[in-house]
**Student:** 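Structure in structure tokens, see below.
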Amino acid sequence: MAASGLGLSTSFLPGHDTLLRRRRRRPAGPAAASFRPVTAELGGVATELGRNLVEAVGVGLPCTVMQCGDVIYRSTLPQNDGLTITAPGVALALSAVSYLWATPGVAPGFFDMFVLAFAERLFRPTFRKDDFVLGKKLGEGAFGVVCKASLANPEAAEKVKANGVMGDVVVKKATEYGAVEIWMNERVRRACASSCADFLYGFRESKAKGKGAEEYWLIWRFEGEDTLYDLMQSKEFPYNVETKILGDVQDLPKGISRENKIIQTVMRQLLFALDGLHSTGIVHRDIKPQNVIFSEGSRTFKIIDLGAAADLRVGINYIPKEFLLDPRYAAPEQYIMSTQTPSAPSVPVATTLSPVLWQLNLPDRFDIYSLGLIFLQMAFPSLRTDSNLIQFNRQLKRCDYDLEAWRNLVEPRANAELRRGFDIMDLDDGIGWELLTSMVRYKARQRISAKAALAHPYFNREGLLGLSVMQNVQLQLFRATQKDYSELARWVVGLMAKSGTEDAGGFTEAQLQELREIKPKKGSAQRNVLASVLRVQRKIVKTINESMDELASQRKSIWWSRWIPRE
Ligand SMILES: Nc1ncnc2c1ncn2[C@@H]1O[C@H](COP(=O)(O)OP(=O)(O)OP(=O)(O)O)[C@@H](O)[C@H]1O
């Protein structure tokens, strides 16, 4: 047989004989038809033997089928190591990584949620109601009651000790809002434990059916007796804080310089705590002296009461509840997110879009405004009472939230207390006043972030005079970044608009609106570019808002509360 004649020449290929035998048995069909052109090429060798030979060649002659030349040629080329690095590839990978790590942090968020949270569950000790003996009531709000508690048995004491906590604890029995607070506290414990009071455990109380609403129990270390509010109510403030923070009294005469140093330390600690929260995508939304506790153990101020907080990574508690906001300390925008993104998107969408939404709205600046008011209260004793703070808020509103304008209004007729406040702020060439005014501003976008505030020269020991050339450059850069670039964008668009029609002296606002609607027109390139830019901008905002609304309108369960353990 012809094929057997080829057996020798093709047998160097592994498995080739087997293939050949299979080919020989193959019935004529569509596949066989595909060999016919090859048959024709052989120039009329149409005998059975010839066809068999050609069929065998189709299968068997390796260089015809496999293009050995190619193989040999390629084998002479340098070996490919598998991964080819190109400039666009690197740029793309870098942008993806930066997006995933940008605040509030999609990638670390996933890791936290799906790895750390579960791992923690496996190793942390759990508690039950019976482990605690409730004692003195520390506070009571619309959402629950807070008590100091001791441990009921040695086992419970051991478990608490395993968490590094000795002595008493604080127990909060909360309504359904407790679920949010447990979530936030657990997130904080994993991401920035030192920002808030040490959280030990949270669980849902198991209740017999029909015995009222479910209750959540939250357990913290008892950090200390005093909140910043309690300390500020004393006539001794800020000296009563000095001993607490530093352990001993500074060797300095009493006066504004010394007071400024103490206030600086408190501000640094609070900004540090806020920066921790914001870096992990959490906005507190209820920053006030009552929610700042002094931790005797670490000698620092820590934040408490995360019941109104929002987790922007996954959209938890994203819908702002007005009644949760304390009007005395709330920023003028009231809502941390713009009203254009009114409610929480689904988790995957919230997670994917969170860096974009964060940059669009800068929700962290809500807390910065509240902290700015605390800064003001620490420097100006007369603003420490509720009634005076409310009056200040009214005055500031009348001044369009411009602190400079407020100063011009009250300074000429300032009493000694108010004057002293301005003197503290004016130390070191007014660097404190500059930081304060960059925190208390009407527009969230113009307010400084916690991280930038920590790098502000106010916290430099020598003040402005002690700044090196580089630090001065940094300060100028900082001041430049404080500008409102939305104004700049508007100015650029305005300029484009104005240059649109030279003879008519630019477009009017009505014409601009028209431009947003119109279709491109022949022969007016500049006008069409402007129209396209405006249309694309409008389309992006519209698409984001629509997708948000659509997703938000679907019923959202508090899916994550399933992870909160039952008692
Ligand atoms: N970890 C803690 N250590 C010591 N005291 C604490 C701790 N947590 C809370 N407290 C005290 O309990 C009080 C109430 O706590 P918290 O603000 O969390 O409760 P709340 O029900 O939200 O109260 P409110 O509605 O008044 O804000 C605080 O003012 C503080 O005095």
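Quick caveat: nothing in here was measured; it's all calculated off a predicted structure. Order of listing sets the numbers, starting from 1, for every ligand and every atom in it.
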**Student:** E296 and R299: salt bridge (charged side-chain N to carboxylate O under 4.0 Å, His left out), yes or no, with the steps?
**Tutor:** CA-CA 5 Å; E296 307 280 353; R299 289 197 171 169; over 6 Å; no
**Student:** Suppose we measure from atom 14 (C) of ligand 1 to each protein heavy atom; which comes out shortest, and what is that distance?
**Tutor:** V146 CG2, 3.8 Å
**Student:** For A197, take its heavy atoms, then give the atoms of ligand 1 lying under 4.0 Å from any of them.
**Tutor:** 1 (N)
**Student:** Any N/O of K172 closer than 3.5 Å to an N/O of ligand 1?
**Tutor:** yes
**Student:** Considering both backbone and side-chain atoms of E223, is one of its nitrogen or oxygen atoms within less than 3.5 Å of a nitrogen or oxygen in ligand 1?
**Tutor:** yes
**Student:** Is atom OH of Y401 surrounded by more than 12 heavy atoms (other residues, nucleotides or ligands) closer than 6.0 Å?
**Tutor:** yes
**Student:** Need the ligand 1 atom indices (1-based, order shown) with element for anything under 4.0 Å from a heavy-atom of F222.
**Tutor:** 3 (N), 4 (C)
**Student:** Would one find an N or O of R221, backbone or side chain, under 3.5 Å from an N or O of ligand 1?
**Tutor:** yes
**Student:** A cation-pi test, strictly: NZ or CZ of K148 under 6.0 Å from the centre of the six-membered ring of F222 and no more than 45 degrees from its axis. Yes or no?
**Tutor:** yes
**Student:** Hey, which atoms in ligand 1 end up nearer than 4.0 Å to a heavy atom of G224?
**Tutor:** 4 (C), 5 (N)
**Student:** For L435 versus A453, what's the shortest heavy-atom pair and its separation?
**Tutor:** CD1-CB, 4.0 Å
**Student:** What is the closest protein heavy atom to atom 13 (C) of ligand 1, and at what distance does it sit?
**Tutor:** L138 O, 3.9 Å
**Student:** Out of all atoms in ligand 1, which are within 4.0 Å of some heavy atom of W220? Include the element for each.
**Tutor:** 1 (N)
**Student:** Check each atom of ligand 1 against the heavy atoms of N291 and keep those under 4.0 Å away; list them by number with element.
**Tutor:** 17 (O)
**Student:** Can you tell which of D305, V169, I304 gets a heavy atom nearest to atom 10 (N) of ligand 1?
**Tutor:** I304
**Student:** Between F127 and K159, is there a cation-pi geometry (under 6.0 Å to ring centre, at most 45° from the normal)?
**Tutor:** yes
**Student:** Among all protein heavy atoms in this structure, tell me which lies nearest to atom 25 (O) of ligand 1, with the distance rounded to 0.1 Å.
**Tutor:** G141 CA, 3.6 Å
**Student:** Going by the angle between their ring planes, with limits at 30° and 60°, are F294 and F301 parallel, tilted or perpendicular?
**Tutor:** perpendicular
**Student:** Which heavy atom of the protein is the closest neighbour of atom 2 (C) of ligand 1, given with residue, atom name and distance?
**Tutor:** V170 CG2, 3.6 Å
**Student:** Just wondering, are more than 12 heavy atoms of other shown residues or ligands nearer than 6.0 Å to CZ in F272?
**Tutor:** no
**Student:** Going through the distances and angles, do D426 and W433 end up as a side chain to side chain donor-acceptor pair (under 3.5 Å)?
**Tutor:** CA-CA 6 Å; D426 286 345; W433 178 253; 5.9 Å; no
**Student:** Given side chains that start at C-beta, do those of I303 and N291 come closer than 4.5 Å, heavy atoms only?
**Tutor:** no
**Student:** For atom 5 (N) of ligand 1, which candidate among I219, L200, D226, I293 provides the closest heavy atom?
**Tutor:** I293
**Student:** Which is it for D364 and R447 under the salt bridge (charged side-chain N to carboxylate O under 4.0 Å, His left out) test, yes or no, and what are the steps along the way?
**Tutor:** CA-CA 10 Å; D364 54 322; R447 281 175 225 145; over 6 Å; no
**Student:** Does some non-hydrogen atom of the protein lie less than 4.0 angstrom from atom 27 (O) of ligand 1?
**Tutor:** yes
**Student:** Of the side chain and backbone of T227, name the one, both, or neither that has a heavy atom under 4.0 Å from an atom of ligand 1.
**Tutor:** side chain
